[in-house]
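Each chain gets a letter, A, B and so on, in the order its sequence line appears, and its residues count up from 1. Just so you know, these numbers use all the heavy atoms, side chains as well, and skip hydrogens, waters and symmetry mates.
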Amino acid sequence: MSKNKLSFADKLLHWFDDHGRKDLPWQQDISPYRVWVSEIMLQQTQVKTVIPYFQRFMESFPTVTALANSEQDEVLKHWSGLGYYARARNMHAAAIMVRDEFNGEFPRDIENIQHLKGIGRSTGAAILSIASNLPEPILDGNVKRVLSRVFAVEGWAGKSAVLKELWTLAEQTTPKTRNADYTQAIMDLGATLCTRSKPRCDDCPMKSDCIAFADSRQAELPAKKPKKIIPEKKTIMLIVKDEAGDVFMQKRPPTGIWGGLWCFPQFETQHEAENWTQEFLGEWSEKVQRHDVLSHTFSHFKLHIQPLIIQLKAPIKMSVMEKTDKLWYNVNTEFNGGLAAPVSTLLNTLVRQ
DNA sequence: AAAGCGGGGCA
DNA sequence: TGCCCAGCTTT
C-alpha cells in the first residue's frame, strides 16, 4: 500500500471525527443485526426515509431470532412502501438461517456471511466492518462515487472490468485500523458531500487528491448507466366490495413482482373481470365503476392500472373464503400483510372514503 | 414528467 | 455475464 493511499484513510477519518454523522439510529447500540437491517434498508432508500422504517422494524423484531420467529406477512407489513420486497423476503429467510444454522449468531467472516440470502460482498463487509471492526472493504453506491471521482475511474460500474477496478481501489484505500469508523466515514462522505449532483468539493477532505476535482469532471464521473427504453403495460385492478364494505384481496405468488404481497385481482379486460366476479363471487348490485388510471413505474416497465369497483349484493360463495391466500379486508382495520404502493394508494383514495 | 439511484439473485 | 427486480427523491 502506497503512502498516498494511507493518507486517503487518514484524511477521511479526520474529517469523520469532525463532521461525520454519528447519531443515526443504527449507529447506536451497534450489533451485527442492527447494522444488517440498516444496510438492507439503505440499499434502496435514503437515510431520511429509512429512519422511521428502521425504528418500527426494531420495535417489532428486536433480535435476529425474533425476526426468524415472525410470519412473513408481518415482515412484509413492515416493509410496505419501501419497495424491493424480495429483500424483505430474503431477510426473513436469512434470519431463519442464522437461527437454525449459525446458532443465532451472525458469521464473523466474509465467506460465511455471504451464504445468507441478500448479503453479498459489500453488505457482508459493511456488517463485519461496522459491527466488528474487521478490515473488510465495502463498495456501495456512495463508495463507488467517491472512488470514481478521486481516482478518475472511467466507465460504468455495471461493467465487470470497471467494477473489478473499483473493488481493487476499495481494497487499497481501506485501512486495517479504525475500520468501522472508516466505513461509516466513506459512506457518509458520499451521502453528504460527494453527492451525485452539486458535490460540495470545497468542504471535502479529499479535495487536494481528487482527480475529478482537479480536472472539473465531477459531473462526468462516475459514468452513467446507459439509458434503456422501458415498455409499458396495462392491467385492470378489480376492487370488489361485499355488503359490509369489506374488500376482496389475494396474496401474490411468493416470487416475482410484489411477491408475497396482497393485491386486488388483476385482469386484461373489463369483460374478464366481470365474468370472474360473476363466476366466483356472485351477483353485483351496482354498475361497474371505472376510476382514473394510476400509473406506476418499475425499473423495467411502466404499469398503467385501471381500477374497477364492483359492489356485491348476493352472499359470497364459500369456496373463496376457505383459501389462505384470499381474504375479505375490513378497510377500517390495520392490514396484516404487505401492500404494494399502488395498492395502498387505491385503498386510500377509492375505498377508505 | 423524467431521470437517477444499487445490489443481489438467477438463467 | 447480463438481465431481472421497485418505489422514492431529485431535477
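In summary, A:Arg217 and A:Glu154 engage in a salt bridge, as defined by a charged side-chain N under 4.0 Å from a carboxylate O.
Atom-to-atom, CD1 of A:Ile230 to C1' of C:dA6 comes out at 11 Å; the value is rounded to the nearest Å. The separation between A:Arg87 atom CZ and C:dC4 atom P is 16 Å, rounded to whole Å. In this structure, CG of A:Leu303 is placed 14 Å from C1' of C:dC5, rounded to the nearest angstrom. Summarising the geometry, the separation between NZ on A:Lys302 and C1' on C:dC5 is reported as 18 Å, rounded to the nearest angstrom. Distance A:Phe298 CZ to C:dC3 C1': 17 Å, rounded to the nearest Å. Nucleotide C:dC5 holds its P atom 22 Å from the CE atom of A:Met91, rounded to whole Å. In this entry the distance linking OH of A:Tyr53 with C1' of C:dA6 reads 12 Å, nearest Å.
For the P atom pair drawn from C:dT11 and B:dG6, the interatomic distance equals 13 Å after rounding to whole Å. When the C1' atom is compared between C:dT9 and B:dG8, the two are found 23 Å apart, to the nearest whole Å. With both ends at atom C1', the span from B:dC10 to C:dG7 equals 22 Å, rounded to whole Å.
With A:Tyr182 as the aromatic partner, A:Lys176 does not meet the cation-pi criteria of under 6.0 angstrom to the ring centre and within 45 degrees of the ring axis.
The shortest distance between the side-chain N/O atoms of A:His300 and the OP1/OP2 oxygens of C:dC3 is not below 4.0 Å. Between C:dC5 and A:Trp258, no contact under 4.0 Å exists linking OP1 or OP2 to a side-chain N or O. For the pair A:Tyr84 and C:dC4, the criterion of a side-chain N or O lying under 4.0 Å from OP1 or OP2 is not met.
In this structure, A:Thr45 reaches neither bases nor backbone, as no heavy-atom distance under 4.0 Å exists between it and the strands shown. Residue A:Gly256 is classed as a sugar-phosphate contact, given heavy-atom separations below 4.0 Å to backbone atoms only. A:Arg145 comes within 4.0 angstrom of sugar-phosphate atoms only, judged by non-hydrogen atoms across all strands, and of no base. Across all strands shown, A:Arg196 has heavy atoms under 4.0 Å from sugar-phosphate atoms exclusively, and none from any base. At the heavy-atom level, A:Lys48 lies nowhere under 4.0 Å from the strands shown. Note on A:Lys144: only backbone sugar-phosphate atoms sit closer than 4.0 angstrom, heavy atoms only; bases stay farther off.
A:Gln306 pairs in a side-chain hydrogen bond (donor to acceptor under 3.5 Å, both in side chains) with only one of the listed residues (A:His291, A:Arg290, A:Lys234), which is A:Arg290.
When only modelled atom types and interatomic distance are considered, A:Asn90 and A:Arg87 share no side-chain donor-acceptor pair under 3.5 Å. Looking at A:Arg108 and A:Ser132, their side chains do bring a donor and an acceptor atom within 3.5 Å of each other.
If you walk DNA chain B from 5' to 3' and mark each nucleotide with an atom closer than 4.0 Å to a heavy atom of chain A, the marks span B:dG4 to B:dG9.
Between atom CG of residue A:Leu294 and atom CD1 of residue A:Ile305 there is a gap of 5.0 Å, rounded to the nearest 0.5 Å.
Comparing A:Leu82 and A:Lys159 against DNA chain C, the residue whose closest nucleotide sits nearer the 5' end is A:Lys159. Map A:Asn142 and A:Asn90 each onto its nearest nucleotide of DNA chain B; the residue landing nearer the 5' end is A:Asn142. A residue-by-residue look at A:Gln46 and A:Lys225 shows that A:Lys225 has its nearest nucleotide of DNA chain C further toward the 5' end.
Legend: residues meeting ring pair (Phe, Tyr, Trp, His ring centres under 6.0 Å) with A:Phe298, ordered by chain and number and at least two apart, are A:Trp258, A:His296, A:Phe301.
Distances were taken from every side-chain heavy atom of A:Ser197 (C-beta onward) to each of C:dG7, C:dT9, C:dT10; the shortest belongs to C:dT10.
For the side chain to side chain donor-acceptor pair (under 3.5 Å) condition, the pairs that include at least one residue of residues 245-254 of chain A, sequence neighbours left out, are A:Asp73-A:Lys251, A:Arg252-A:Gln266.
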